[in-house]
Amino acid sequence: MRLPLLALLVGGPAHGYELKQALENLLGAAYPQPNVGQIYVTLGRLEKAGLIEGEDVEQSDRPNKRIYRITAAGRETVDAWFEESTAEPRVRDEFFMKLALAPHTGTANQIALINKQRRHYLNTMRDLSKLAAGEDRENRVAQLLIEGAMLHLQADLDWLERCQEELE
Amino acid sequence: MNQDEPSGPIVRAAGLVKTYRPEGAAPVHAVRGVDLTVARGEFVAVTGPSGAGKSTLLHLLGGLDRPDSGALWLDGRQVDGYREARWAELRRNHIGIVFQFFNLVSNLSVADNVELPALLAGRSPRQARAARGELLDELGLTGKENSTPGELSGGEQQRVALARALVNTPTLLLADEPAGSLDSKGTREVLRLLARFHQRGQTILLVTHDARMASAADRVISFFDGQVVDDAHLGGGRHRPEAGVADVLKLKG
Ligand SMILES: Nc1ncnc2c1ncn2[C@@H]1O[C@H](COP(=O)(O)OP(=O)(O)OP(=O)(O)O)[C@@H](O)[C@H]1O
Ligand SMILES: [Mg+2]
């Protein structure tokens, strides 16, 4: 949340609600959208850290709004963010733990666990397909986000198949 | 004994068994007792690891291979006792098959590949041409009529195979990895087509490794070692779509 907001502010000063809208337009409906409260809290922290500066602007008919602009330190932080490589998505550790520990409990059956997990993934995959169909086709970024999630899920399903082959 | 079931499902299989006995090698129990029902208009996907017996099952359902035992009804007709000639007739008129390895006729043009099954089913050249034109159009292959399969990309060949399987508006479409070697974008293309035909009421049994394709189906059957290990209806039940999706995106984001 912190870094995406900072990166948006590189494009020019904005207030909290504008930033929320910019994020929504960019990422589409698929991405879990932060609420406006979270955005204001994050902006407050960024300001305290000296990465952005806020300035109150008077409005005739409404309460003042605070416009934020990025500072030199903020700019450096964004550059560093793009500079560093990004961690790969982590493996499904919780499911893996269940699978590994099932034989020790005597109650959970590994194959039943796998089947259940597969159903869950397939349903999620279906939801993602629907989201992709509902999302604006022209919003490349949003479409790619969903496609990425689907390909990851495909890998998870392939891995489940391997588990089943080995454990059956 | 023949027991037709006029108002039955499109596919009903009971206790299908197929064991291959290659000479000088151990027998392969490819299909080990499968019960399966596919209702009219249903879209069923079969997934499972390589060698699980998926293609064998599909071949049994299309009469391309005969079971050692078990019974099979297609659209109410008991077909397990059919001889080759009757199977061939049944396939021509009622079953469309997309093979795992295309099986296009390499020295025929795209147009002829698609028209051939229509002509074999007794339609006039004019009807065959019209049906072919419509399908190629729909599958985005206009302009490729005179190419031979060798001149097409893998994805285009897959779509020609799909057109060929659909040209006689079959009661049942059997599709074995119809997006086999395609990349993510090509797979989505084939998927879109299958979904469109399904929406128009086409009954489909799809074999696929691709979970995206499988999740477009109403039901996903997991096949392991010649047996059905899970048969899941999708989209039902009490899962919360938004939360599930958000989790995935967040985790991976
Ligand atoms: N004609 C045949 N003669 C002998 N064995 C065969 C024959 N056809 C298939 N088999 C064997 O039967 C088993 C199931 O094969 P099948 O082609 O049905 O698997 P599959 O699930 O479709 O695999 P894939 O995902 O790789 O296509 C395999 O062990 C295969 O070697
Ligand atoms: Mg196969």
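We use all heavy atoms of the structure for the numbers below, so side chains are in, but hydrogens, waters and symmetry mates are not. Here the structure is a predicted model, which means the values were calculated and not measured. By convention in this document, chain letters (A, B, ...) are assigned in the order of the sequence lines, proteins followed by strands, and residues within each chain are numbered from 1.
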- Message: Treating B/Q227 as the side-chain partner and B/F224 as the backbone partner, does any N or O pair qualify as donor plus acceptor under 3.5 Å?
- Response: no
- Task: Determine the interplanar angle of the A/W159 and A/F95 rings, folded into 0 to 90°, and report it as parallel if under 30°, tilted if 30 to 60°, perpendicular if over 60°.
- Result: perpendicular
- Message: Checking an interface table here. Which of residues 213-223 of chain B come within a heavy-atom distance under 4.5 Å of chain A?
- Response: B/A214, B/S215, B/A216, B/A217, B/D218, B/V220, B/S222
- Tell me, for A/L157 versus chain B, whether the close heavy atoms (under 4.5 Å) come from the side chain, the backbone, both or neither. side chain
- chain B contact via A/R162 - side chain, backbone, both or neither, heavy atoms under 4.5 Å: neither
- Item | Contact origin within A/E147 toward chain B - heavy atom pairs under 4.5 Å | side chain
- Query: Would you say B/N168's side chain and B/G96's backbone share a donor-acceptor pair under 3.5 angstrom?
  - Reply: no
- Item | Qualifying residue for side-chain contact (heavy atoms from CB on, under 4.5 Å) with A/Y68, from A/L51, A/L9, A/L46 | A/L9
- Verdict with supporting geometry, A/D79 and A/R75, salt bridge (charged side-chain N to carboxylate O under 4.0 Å, His left out): CA-CA 6 Å; A/D79 290 345; A/R75 189 62 217 242; 3.7 Å; yes
- Message: Taking side chain as everything from C-beta outward and backbone as N, CA, C, O, which of these in A/I114 sits under 4.5 Å from a heavy atom of chain B? Side chain, backbone, both or neither.
- Response: neither
- Proximity breakdown for B/D225 and chain A, heavy-atom pairs closer than 4.5 Å: neither
- Side chains of A/R126 and A/N123: donor-acceptor distance under 3.5 Å anywhere? no
- Message: Please rank B/A232, B/A211, B/G48 by heavy-atom pairs under 4.5 Å with chain A and give me the top one.
- Response: B/A211
- Donor-acceptor under 3.5 Å (A/T71 side chain, A/G50 main chain): yes
- Message: Could you tell me if A/Q154 and A/D158 have a donor-acceptor pair between their side chains, going purely by distance under 3.5 Å?
- Response: yes
- Message: Between B/K18 and B/V28 (side chain of the first, backbone of the second, donor and acceptor by atom type, cut-off under 3.5 Å), is there such a pair?
- Response: no
